[in-house]
Amino acid sequence: MSMDLAVCNLVKAYGDRRVLSGLSLSLAVGATLAVTGPSGAGKSTLLQIVGSLDVADTGTVTLGEHQVTGITGDAAAAFRACVVGFIFQDHYLLPQLSAIENILVPAAAAARLKSTPTKIDRARLVDRAQTLLEKVGLGDRASAFPAELSGGERQRIAVARSMMNHPALLLCDEPTGSLDEHTGHTVLDLILHTAQDENASVLMVTHNAQHAARMDRTMRLSDGLLVAV
Ligand code: ADP
(Lines give C-alpha, C1' and ligand atoms only; values in the text may rest on other atoms or scores of the structure.)
Protein backbone atom coordinates (compact mmCIF):
# COMPACT_ATOMS: atom_id res chain seq x y z
CA MET A 1 0.00 0.00 0.00
CA SER A 2 1.43 3.34 -1.05
CA MET A 3 1.91 5.81 1.81
CA ASP A 4 2.60 8.98 -0.14
CA LEU A 5 1.84 12.19 1.76
CA ALA A 6 -0.33 14.75 -0.02
CA VAL A 7 -1.03 18.11 1.60
CA CYS A 8 -3.39 20.33 -0.40
CA ASN A 9 -4.26 23.99 0.07
CA LEU A 10 -3.95 24.18 3.85
CA VAL A 11 -5.22 27.38 5.38
CA LYS A 12 -4.82 28.00 9.10
CA ALA A 13 -5.36 31.13 11.15
CA TYR A 14 -5.18 31.73 14.89
CA GLY A 15 -7.64 34.56 15.46
CA ASP A 16 -6.84 37.15 12.81
CA ARG A 17 -3.26 35.86 12.42
CA ARG A 18 -3.07 33.81 9.22
CA VAL A 19 -0.28 31.22 9.52
CA LEU A 20 -0.81 28.95 6.49
CA SER A 21 -2.20 30.48 3.29
CA GLY A 22 -3.09 27.59 0.96
CA LEU A 23 0.05 25.51 1.52
CA SER A 24 0.54 22.33 -0.52
CA LEU A 25 3.25 19.70 -0.53
CA SER A 26 3.79 16.10 -1.55
CA LEU A 27 6.23 13.55 -0.22
CA ALA A 28 6.76 10.12 -1.75
CA VAL A 29 7.22 6.95 0.31
CA GLY A 30 10.71 6.87 1.83
CA ALA A 31 11.53 10.46 0.78
CA THR A 32 12.94 13.09 3.15
CA LEU A 33 12.03 16.78 3.23
CA ALA A 34 13.46 19.59 5.36
CA VAL A 35 11.26 22.60 6.17
CA THR A 36 13.11 25.77 7.12
CA GLY A 37 11.96 29.32 7.79
CA PRO A 38 11.98 31.98 10.47
CA SER A 39 10.55 31.51 13.92
CA GLY A 40 6.78 31.99 13.89
CA ALA A 41 6.47 31.13 10.18
CA GLY A 42 4.14 28.20 10.90
CA LYS A 43 6.51 25.21 10.66
CA SER A 44 5.31 23.55 13.87
CA THR A 45 1.71 24.29 12.92
CA LEU A 46 2.23 22.42 9.63
CA LEU A 47 3.71 19.39 11.42
CA GLN A 48 0.92 19.38 13.98
CA ILE A 49 -1.76 19.44 11.28
CA VAL A 50 -0.07 16.62 9.32
CA GLY A 51 0.16 14.65 12.59
CA SER A 52 -3.54 15.27 13.42
CA LEU A 53 -2.59 17.21 16.55
CA ASP A 54 -4.12 20.40 15.16
CA VAL A 55 -6.85 21.07 12.61
CA ALA A 56 -6.64 23.26 9.52
CA ASP A 57 -9.41 25.72 8.68
CA THR A 58 -9.54 24.39 5.11
CA GLY A 59 -7.47 22.07 2.94
CA THR A 60 -6.70 18.36 3.10
CA VAL A 61 -4.00 15.99 4.32
CA THR A 62 -3.82 12.42 3.03
CA LEU A 63 -1.23 9.79 3.92
CA GLY A 64 -1.67 6.68 1.79
CA GLU A 65 -5.20 5.46 2.43
CA HIS A 66 -5.49 7.61 5.56
CA GLN A 67 -7.64 10.70 5.18
CA VAL A 68 -6.12 12.77 8.01
CA THR A 69 -8.44 15.73 7.54
CA GLY A 70 -11.43 15.46 9.83
CA ILE A 71 -10.36 12.37 11.78
CA THR A 72 -11.23 12.49 15.47
CA GLY A 73 -11.43 10.26 18.52
CA ASP A 74 -10.04 6.73 18.35
CA ALA A 75 -9.35 7.01 14.60
CA ALA A 76 -7.09 10.00 15.24
CA ALA A 77 -5.51 8.25 18.22
CA ALA A 78 -4.80 5.16 16.10
CA PHE A 79 -3.31 7.33 13.34
CA ARG A 80 -0.98 9.08 15.81
CA ALA A 81 -0.03 5.84 17.55
CA CYS A 82 0.49 3.63 14.51
CA VAL A 83 0.91 5.58 11.27
CA VAL A 84 3.09 8.56 12.17
CA GLY A 85 6.05 8.88 14.55
CA PHE A 86 7.00 12.07 16.39
CA ILE A 87 10.37 13.44 17.48
CA PHE A 88 10.39 16.85 19.15
CA GLN A 89 13.18 19.17 20.27
CA ASP A 90 12.63 17.93 23.83
CA HIS A 91 12.90 14.18 24.33
CA TYR A 92 9.75 13.95 26.53
CA LEU A 93 10.94 10.69 28.07
CA LEU A 94 9.09 9.65 31.24
CA PRO A 95 11.67 9.90 34.04
CA GLN A 96 10.19 7.04 36.05
CA LEU A 97 10.45 4.55 33.15
CA SER A 98 13.62 2.85 31.93
CA ALA A 99 14.95 3.36 28.41
CA ILE A 100 13.26 0.24 27.04
CA GLU A 101 9.99 1.02 28.85
CA ASN A 102 9.96 4.49 27.26
CA ILE A 103 10.40 2.92 23.83
CA LEU A 104 7.43 0.65 24.58
CA VAL A 105 5.07 3.56 25.39
CA PRO A 106 3.69 3.89 21.81
CA ALA A 107 3.04 0.14 21.82
CA ALA A 108 0.91 0.61 24.93
CA ALA A 109 -1.01 3.40 23.19
CA ALA A 110 -1.59 1.13 20.18
CA ALA A 111 -2.64 -1.77 22.43
CA ARG A 112 -5.38 0.36 23.97
CA LEU A 113 -6.87 0.71 20.52
CA LYS A 114 -6.64 -3.03 19.71
CA SER A 115 -7.48 -6.19 21.63
CA THR A 116 -5.41 -6.92 24.75
CA PRO A 117 -1.97 -8.16 23.69
CA THR A 118 -1.17 -11.77 24.48
CA LYS A 119 1.98 -12.92 26.25
CA ILE A 120 3.54 -13.76 22.89
CA ASP A 121 2.73 -10.24 21.66
CA ARG A 122 4.42 -8.78 24.72
CA ALA A 123 7.59 -10.79 24.10
CA ARG A 124 7.57 -9.66 20.45
CA LEU A 125 7.17 -6.02 21.47
CA VAL A 126 10.07 -6.21 23.93
CA ASP A 127 12.20 -7.78 21.15
CA ARG A 128 11.24 -4.93 18.84
CA ALA A 129 12.14 -2.31 21.47
CA GLN A 130 15.48 -4.03 22.11
CA THR A 131 16.22 -4.11 18.36
CA LEU A 132 15.52 -0.38 18.19
CA LEU A 133 17.78 0.27 21.19
CA GLU A 134 20.53 -1.54 19.30
CA LYS A 135 19.83 0.47 16.14
CA VAL A 136 20.41 3.70 18.08
CA GLY A 137 23.58 2.30 19.66
CA LEU A 138 22.20 1.87 23.18
CA GLY A 139 21.62 -1.88 23.26
CA ASP A 140 23.35 -2.18 26.64
CA ARG A 141 21.34 0.65 28.31
CA ALA A 142 17.85 -0.94 28.32
CA SER A 143 17.41 -0.58 32.06
CA ALA A 144 18.95 2.89 32.37
CA PHE A 145 16.65 5.72 33.50
CA PRO A 146 16.59 9.04 31.60
CA ALA A 147 18.44 10.78 34.47
CA GLU A 148 21.32 8.34 33.94
CA LEU A 149 21.61 9.18 30.24
CA SER A 150 23.20 12.15 28.46
CA GLY A 151 21.09 14.59 26.43
CA GLY A 152 22.18 12.91 23.20
CA GLU A 153 21.39 9.44 24.56
CA ARG A 154 17.93 10.60 25.67
CA GLN A 155 17.23 11.90 22.19
CA ARG A 156 18.45 8.59 20.72
CA ILE A 157 15.86 6.84 22.91
CA ALA A 158 13.25 9.30 21.55
CA VAL A 159 14.29 8.31 18.00
CA ALA A 160 13.86 4.61 18.87
CA ARG A 161 10.48 5.34 20.51
CA SER A 162 9.25 7.18 17.40
CA MET A 163 9.84 4.05 15.30
CA MET A 164 8.28 1.53 17.71
CA ASN A 165 5.04 1.00 15.77
CA HIS A 166 6.62 1.05 12.27
CA PRO A 167 5.34 4.51 11.25
CA ALA A 168 5.05 5.37 7.56
CA LEU A 169 5.99 8.99 8.24
CA LEU A 170 8.32 10.50 10.82
CA LEU A 171 7.47 14.07 11.90
CA CYS A 172 10.52 15.78 13.41
CA ASP A 173 10.31 19.24 14.95
CA GLU A 174 13.88 20.52 15.45
CA PRO A 175 15.02 17.13 16.76
CA THR A 176 18.62 18.28 17.25
CA GLY A 177 17.79 21.81 18.45
CA SER A 178 18.86 21.14 22.05
CA LEU A 179 22.06 19.25 21.24
CA ASP A 180 25.64 20.35 20.61
CA GLU A 181 26.85 20.20 17.02
CA HIS A 182 28.60 16.83 17.18
CA THR A 183 25.76 15.09 19.08
CA GLY A 184 23.25 16.71 16.72
CA HIS A 185 25.00 15.17 13.72
CA THR A 186 24.94 11.74 15.39
CA VAL A 187 21.22 12.00 16.15
CA LEU A 188 20.43 13.19 12.61
CA ASP A 189 22.39 10.22 11.21
CA LEU A 190 20.38 7.86 13.39
CA ILE A 191 17.07 9.40 12.33
CA LEU A 192 17.94 9.14 8.64
CA HIS A 193 19.43 5.63 8.85
CA THR A 194 16.60 4.25 10.96
CA ALA A 195 13.95 5.83 8.73
CA GLN A 196 15.63 4.46 5.60
CA ASP A 197 15.98 1.01 7.16
CA GLU A 198 12.28 0.97 7.95
CA ASN A 199 11.13 2.72 4.76
CA ALA A 200 9.60 5.66 6.64
CA SER A 201 9.37 9.10 5.02
CA VAL A 202 10.74 12.05 7.00
CA LEU A 203 9.29 15.56 7.30
CA MET A 204 11.73 17.58 9.41
CA VAL A 205 11.65 21.16 10.64
CA THR A 206 15.20 22.38 11.16
CA HIS A 207 17.16 25.61 11.49
CA ASN A 208 20.39 23.79 10.70
CA ALA A 209 21.41 24.30 7.05
CA GLN A 210 23.86 21.39 7.16
CA HIS A 211 21.13 19.08 8.39
CA ALA A 212 18.68 20.35 5.78
CA ALA A 213 21.28 19.61 3.10
CA ARG A 214 21.28 15.95 4.16
CA MET A 215 17.62 15.59 3.18
CA ASP A 216 16.37 14.84 -0.37
CA ARG A 217 14.77 18.29 -0.62
CA THR A 218 14.51 21.52 1.36
CA MET A 219 11.58 23.93 1.29
CA ARG A 220 11.23 27.24 3.06
CA LEU A 221 8.01 28.29 4.75
CA SER A 222 7.40 31.92 4.03
CA ASP A 223 4.19 33.99 3.98
CA GLY A 224 2.21 30.84 4.69
CA LEU A 225 3.48 28.93 1.65
CA LEU A 226 6.34 26.52 0.93
CA VAL A 227 8.92 27.51 -1.66
CA ALA A 228 11.69 25.27 -2.98
CA VAL A 229 15.19 26.21 -1.84
P1 ADP B 1 7.28 28.08 13.84
O2 ADP B 1 7.22 26.62 14.17
O3 ADP B 1 7.63 28.34 12.41
O4 ADP B 1 8.18 28.84 14.78
P5 ADP B 1 4.53 28.08 14.77
O6 ADP B 1 3.84 27.14 13.88
O7 ADP B 1 4.92 27.57 16.13
O8 ADP B 1 5.83 28.68 14.04
O9 ADP B 1 3.65 29.36 15.01
C10 ADP B 1 3.18 30.17 13.94
C11 ADP B 1 2.36 31.31 14.48
O12 ADP B 1 1.13 30.83 15.01
C13 ADP B 1 3.03 32.09 15.61
O14 ADP B 1 2.70 33.45 15.46
C15 ADP B 1 2.39 31.51 16.85
O16 ADP B 1 2.38 32.44 17.88
C17 ADP B 1 0.99 31.20 16.37
N18 ADP B 1 0.41 30.04 17.07
C19 ADP B 1 0.86 28.76 17.04
N20 ADP B 1 0.08 27.94 17.74
C21 ADP B 1 -0.91 28.71 18.28
C22 ADP B 1 -2.05 28.46 19.11
N23 ADP B 1 -2.33 27.22 19.53
N24 ADP B 1 -2.82 29.50 19.42
C25 ADP B 1 -2.56 30.74 18.96
N26 ADP B 1 -1.52 31.06 18.17
C27 ADP B 1 -0.70 30.07 17.83
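All residue numbers refer to positions in the sequence shown, counting from 1. Atoms within a ligand are numbered from 1 in the order they appear, just like the ligands themselves.
Residue Gly37 places every heavy atom at 4.0 Å or more from ligand 1. For Pro38, the closest heavy-atom approach to ligand 1 falls below 4.0 Å.
In terms of heavy atoms, Pro146 sits closest to Leu93 at CG-CB, 3.9 Å.
Looking at atom 10 (C) of ligand 1, its nearest protein heavy atom turns out to be Gly40 O, 3.3 Å. The shortest contact between atom 24 (N) of ligand 1 and any protein heavy atom is with Tyr14 CD2, 3.5 Å. Nearest to atom 9 (O) of ligand 1 among the protein's heavy atoms is Thr45 OG1, 3.9 Å. With hydrogens left out, the protein atom closest to atom 15 (C) of ligand 1 is Arg17 NE, 5.0 Å, a heavy atom. Protein heavy atom closest to atom 7 (O) of ligand 1, with residue, atom name and distance, is Ser44 CB, 3.7 Å. Summary of contacts: the protein heavy atom closest to atom 8 (O) of ligand 1 is Gly42 N, 3.1 Å.
When non-hydrogen atoms are compared, ligand 1 lies under 4.0 Å from the side chain of Val19 (C-beta onward) but not from its backbone. Neither the backbone nor the side chain of Gln48 has a heavy atom within less than 4.0 Å of ligand 1.
Side-chain contact annotation: Asp54 with Tyr14, donor-acceptor N/O pair under 3.5 Å present.
Salt bridge Lys43/Asp173: absent, no basic N to carboxylate O contact under 4.0 Å. Using a cut-off of 4.0 Å between Lys/Arg side-chain N and Asp/Glu carboxylate O, Asp127 and Arg124 are scored as not salt-bridged. Ion pairing between Glu134 and Arg156 fails under the 4.0 Å rule for side-chain N and carboxylate O. Between Arg154 and Glu148 there is no salt bridge, since no side-chain nitrogen of the basic residue lies less than 4.0 Å from a carboxylate oxygen of the acidic one.
At a distance under 4.0 Å, a protein heavy atom can be found next to atom 21 (C) of ligand 1. Atom 3 (O) of ligand 1 is approached by the protein to below 4.0 angstrom, counting heavy atoms only.
Atom CG of residue Leu94 and atom CD of residue Glu101 lie 10.0 Å apart, to the nearest 0.5 angstrom.
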For Leu192 and Met215, run side-chain contact (heavy atoms from CB on, under 4.5 Å): C-alpha distance rounded to whole Å, both residues' side-chain angles, the deciding distance at 0.1 Å, then the answer.
CA-CA 8 Å; Leu192 293 179; Met215 313 286 280; 3.8 Å; yes
